[in-house]
Amino acid sequence: MKKLLLLFIGISSLVQAQKKDISLEDIWRKGTFRADYMNSLNSMKGDFYSLLNYENGSSTVDKYSYETLEKVETIVDSKDLAGLKYFQSYSFNNDETKLILGTNFKQIFRHSYLGTYYVYDIAKKSLDLIGTDIQEPTFSPDSKKIAYAKDNNLFIKDYSDANTVIQITNSGKKNEIINGITDWVYEEEFGFVKAFEWSKDSKNLAYLRFDESKVKTFSMDVYGKGKYPAQHVFKYPKAGEENAKVALRIFSLETNKTAEIRVGDYEYIPRINWTNNPNILAVRTLNRHQNDLKMYFVDATTFNSSIVLNETDKAYVDITDDLTFLDDNSFIWTSEKDGYNHIYHYDKNGKLLNQVTKGNWEVTSYYGYNADKKTIYYQSVENGSINRGVYSISLNGKNKKLLSNPTGTNNASFSKNMHYFINTFSDANTPPVYTLRNDEGKVLKTVKDNAALKETIAGYNLSKKEFSTISVNGNDLNMYTIKPANFDANKKYPVLMYQYSGPGSQNVKNSWNGSNDYWHQMLAQNGYIVVCVDGRGTGFKGRDFKKVTYMNLVKYETEDQISVAKELAKLPYVDANRIGIWGWSFGGHMSTNCLLKGNDVFAAAIAVAPVTTWRFYDTIYTERYMRTPEENPAGYDDNSPLNYPELLKGKYLLIHGTGDDNVHVQNAYRMAEALIQANKQFEWGMYPDKNHGIYGGNTRLHLYTKMTNFIKNNL
């Protein structure tokens, strides 16, 4: 028996030795572990969808059947279009007879672009230029017009009137007035760019006007390749400073006049949506503290407004796109007012009809409503906060059904008529599997299963990601651990902790690997244990768990990471003198804070693009969680590492991109100066002209090589 056991151990070790180790080039240059994804599909009328495909330098929009997943036809091929070699985006009109095709995109900020756009008539096979360097061209519901923005002004091109162009506004001016497009802070923090909406009858266009003339500017040097750098100057309201003045307007195509709409006192208008009544516009407003949300119904014929919904919170109210108007103008809405995010049904006057979902768990995505079946489709964490399942439930809150795998992460992309959906499943051990399912959850066909990636992975020394919880500071926190494949409990290992920790975020989840996971696996191959813990303030465990950090961002989050490190240090296989931590953005703030305030447990830290004081960050995000610096100075300063650089004892690597328009490099420079004046040695790296993502060419390979070397040398 002993001989057989020894033989088995010998063969097992040989197999492991024959497997390959992950390299940085595998992750950042070769794309060795790149999963096979489905192109983002656009659901069409009936049981069809369309995809944008590329081949041999040209692009096509192809139509497919949900039932068979086979291509039915090619709707447009750029090879057949004179003057348009290829296109990079497309969108249909309501009756799917025309397309808007986009190309030559020039990025402005994270979500915004300028582009050249065309209208393609499918029946006539004709192509017509809408405009160059324009934004957000959008068909009217009757398909006769297209609204778009250019040079901070709004225009309508009328195809029913000899392609006449109507200029709705003429006040647009860079860094002063924006019509119909959001400013930087709305785009970044409220998550939308197009600030105009067509009424259902195509007779009115509602839009937002931003007067940012009194907003202070931020400037960044762009070094480029010339002799002199250029300057990028844009309006950026930092915490406590003045925001753009936002006004709601409605342009009538019948009268050719614009009316400014009054909807009470507010600081922000984070959403406008036309209801199913073509004369009623739903407008959401927020006060500056973002704890008083009102939804108004505005009558476009009288311009009168009334409040139909008012939600308040002692901390803040989140803005989502979870709003669906039914045929009777009642509406479906999500809210965490009972302590967890759930689905609610209100009548057209804002009276609560019923709470559709209930329980000590969160609805994480609202997919839509099937009017014929009176059924809602949604995603939730009902089977544990690290998992995601897809469910259906009747509008009355009955007949709930699981439509996907019970564990792992499941995401659904439903057909327009809600008859089918593509389910994307993955877990920590399974790369994405795409299956076609009907609205009852029955698997009809496997679309992609990433078999090739599974085969590739089998040839590498990957460790299992182990999920657990750890009890610190009165809470059981979700945790994962990656140990070396040849882990020996009798040895002692260095530990690298990774986290983000921002409000409502989640790093510990049962899903397939991202790039950082492969890097963590590479570190495990080199003898490190990697640990990630979601502390207080993170998401999907209820309102109170998330909002406990209100007014004191990074205080409790830092305490949790330090407490976790101290618990890990007690483990017999952990080298208590070699515990490090790293993070990016909010996580960079956290890793810096942990190294300073936890200098008795952390030996090293890496901070990439960190916030170092919330006084430097924008109004909407920062004040949502902290109020203004004038109202809450201690909240801003007691946990800013700029104020206690003398606490540094361990090794510190500080990294930033000089072209970061989000978390400005000012944060890193001020941190560096604080450490210099405290006579504390540290390492740092600046990436010229790189934004918050720090990527492009060999940038990521260089960055992760630098971080890997730092860890090997200091941990």
Side-chain angles (χ1 to χ4, degrees), residues 24 218 220-221 223 494 496-502 516 519 523 553-554 557-558 561-562 565 578-599 601-617 636-637 639-696 698-715:
L24 288 169
F218 190 84
M220 299 187 303
D221 283 331
Y223 297 98
L496 179 67
M497 293 173 59
Y498 167 64
Q499 46 62 62
Y500 175 73
S501 301
N516 282 335
W519 185 55
L523 294 175
L553 276 188
V554 307
E557 302 95 317
T558 299
Q561 298 297 320
I562 292 172
R578 299 168 68 195
I579 299 177
I581 188 168
W582 89 279
W584 198 307
S585 192
F586 194 109
H589 190 335
M590 284 289 300
S591 60
T592 303
N593 246 27
C594 287
L595 183 63
L596 300 184
K597 292 197 169 187
N599 57 19
V601 64
F602 287 108
I606 300 173
V608 184
V611 176
T612 57
T613 171
W614 291 110
R615 291 178 180 269
F616 291 165
Y617 203 54
Y636 279 79
D637 297 334
N639 294 287
S640 167
L642 299 184
N643 296 323
Y644 35 86
E646 70 280 359
L647 296 181
L648 180 64
K649 291 182 180 179
K651 304 296 183 179
Y652 182 52
L653 174 58
L654 174 63
I655 292 169
H656 222 112
T658 67
D660 192 335
D661 67 301
N662 185 353
V663 180
H664 304 144
V665 72
Q666 174 189 24
N667 287 271
Y669 286 149
R670 287 286 289 272
M671 189 71 230
E673 176 64 9
L675 292 169
I676 290 166
Q677 295 310 316
N679 198 28
K680 295 292 183 178
Q681 294 297 312
F682 64 99
E683 297 181 38
W684 64 326
M686 294 291 112
Y687 285 86
D689 298 339
K690 294 301 180 283
N691 64 16
H692 196 54
I694 311 182
Y695 58 84
N698 280 325
T699 303
R700 279 290 177 98
L701 178 60
H702 186 278
L703 168 61
Y704 278 81
T705 300
K706 188 176 190 67
M707 294 198 297
T708 302
N709 292 338
F710 175 83
I711 290 168
K712 288 182 176 179
N713 293 335
N714 296 290
L715 197 62

Quick check against the 3.5 Å criterion: does [X] have a side-chain atom that pairs as donor or acceptor with the backbone of [Y]?
{"X": "T558", "Y": "V554", "result": "yes"}
{"X": "K649", "Y": "N599", "result": "no"}
{"X": "N691", "Y": "G693", "result": "yes"}

Taking all non-hydrogen atoms of both residues, which atom of [X] and which atom of [Y] are closest, and how far apart?
{"X": "P610", "Y": "I655", "value": "CD-O, 3.7 Å"}
{"X": "S501", "Y": "Q561", "value": "OG-NE2, 4.0 Å"}
{"X": "W684", "Y": "K706", "value": "O-CE, 4.1 Å"}
{"X": "T613", "Y": "S640", "value": "CB-OG, 3.5 Å"}
{"X": "N593", "Y": "P641", "value": "OD1-CD, 3.5 Å"}
{"X": "A668", "Y": "M686", "value": "CB-CE, 4.1 Å"}

query = Given T658 and Y669, is the side chain to side chain contact (heavy atoms under 4.5 Å, CB included) satisfied, shown in steps?
reply = CA-CA 10 Å; T658 67; Y669 286 149; 4.0 Å; yes
Would you say [X] and [Y] make side-chain contact, with heavy atoms under 4.5 Å?
{"X": "P645", "Y": "Q677", "value": "no"}
{"X": "K597", "Y": "N639", "value": "yes"}
{"X": "I606", "Y": "S591", "value": "no"}
{"X": "N667", "Y": "V611", "value": "yes"}
{"X": "Y617", "Y": "V663", "value": "yes"}
{"X": "F710", "Y": "L715", "value": "no"}
{"X": "D689", "Y": "M220", "value": "no"}

Report the distance from atom [atom1] of [X] to atom [atom2] of [Y], rounding to the nearest 0.5 Å.
{"X": "Q666", "Y": "D660", "atom1": "CD", "atom2": "CG", "answer": "11.5 Å"}
{"X": "L703", "Y": "K690", "atom1": "CG", "atom2": "NZ", "answer": "11.5 Å"}
{"X": "E673", "Y": "T612", "atom1": "CD", "atom2": "OG1", "answer": "12.0 Å"}
{"X": "L653", "Y": "F682", "atom1": "CG", "atom2": "CZ", "answer": "10.0 Å"}
{"X": "L496", "Y": "L523", "atom1": "CG", "atom2": "CG", "answer": "6.5 Å"}
{"X": "I581", "Y": "F602", "atom1": "CD1", "atom2": "CZ", "answer": "4.0 Å"}

F218 atom CZ, neighbour heavy-atom count above 12 within 6.0 Å = yes
task = Step through the shown structure and confirm whether more than 12 heavy atoms of other residues, nucleotides or ligands are within 6.0 Å of CZ on R700.
result = yes
inquiry  = Go through it in stages, so that I can follow the logic: the residues are E646 and Y644, the test is side chain to side chain contact (heavy atoms under 4.5 Å, CB included), and I'd like the CA-CA distance, side-chain angles, deciding distance and then a yes or no.
reply    = CA-CA 5 Å; E646 70 280 359; Y644 35 86; 3.7 Å; yes
Plane angle bin for Y500 and F586 - parallel if under 30°, tilted between 30 and 60°, otherwise perpendicular = tilted
ask   = Should N714 and E683 be marked as a side chain to side chain contact (heavy atoms under 4.5 Å, CB included) after you check the CA-CA gap, both sets of side-chain angles, and the distance that decides it?
value = CA-CA 11 Å; N714 296 290; E683 297 181 38; 3.9 Å; yes
remark   = ring-ring contact (aromatic ring centres under 6.0 Å, His included) test vs Y687 passes for just one of H702, H656, H692, namely H702
ask   = When E557 is tested against each of Q499, H589, M590 for side-chain contact (heavy atoms from CB on, under 4.5 Å), which residue passes?
value = M590
key: Trace of the ring pair (Phe, Tyr, Trp, His ring centres under 6.0 Å) decision for W584 with Y498   = CA-CA 9 Å; W584 198 307; Y498 167 64; 9.6 Å; no
ask   = Stepwise, does the side chain to side chain contact (heavy atoms under 4.5 Å, CB included) test hold for W582 with V608?
value = CA-CA 8 Å; W582 89 279; V608 184; 4.3 Å; yes
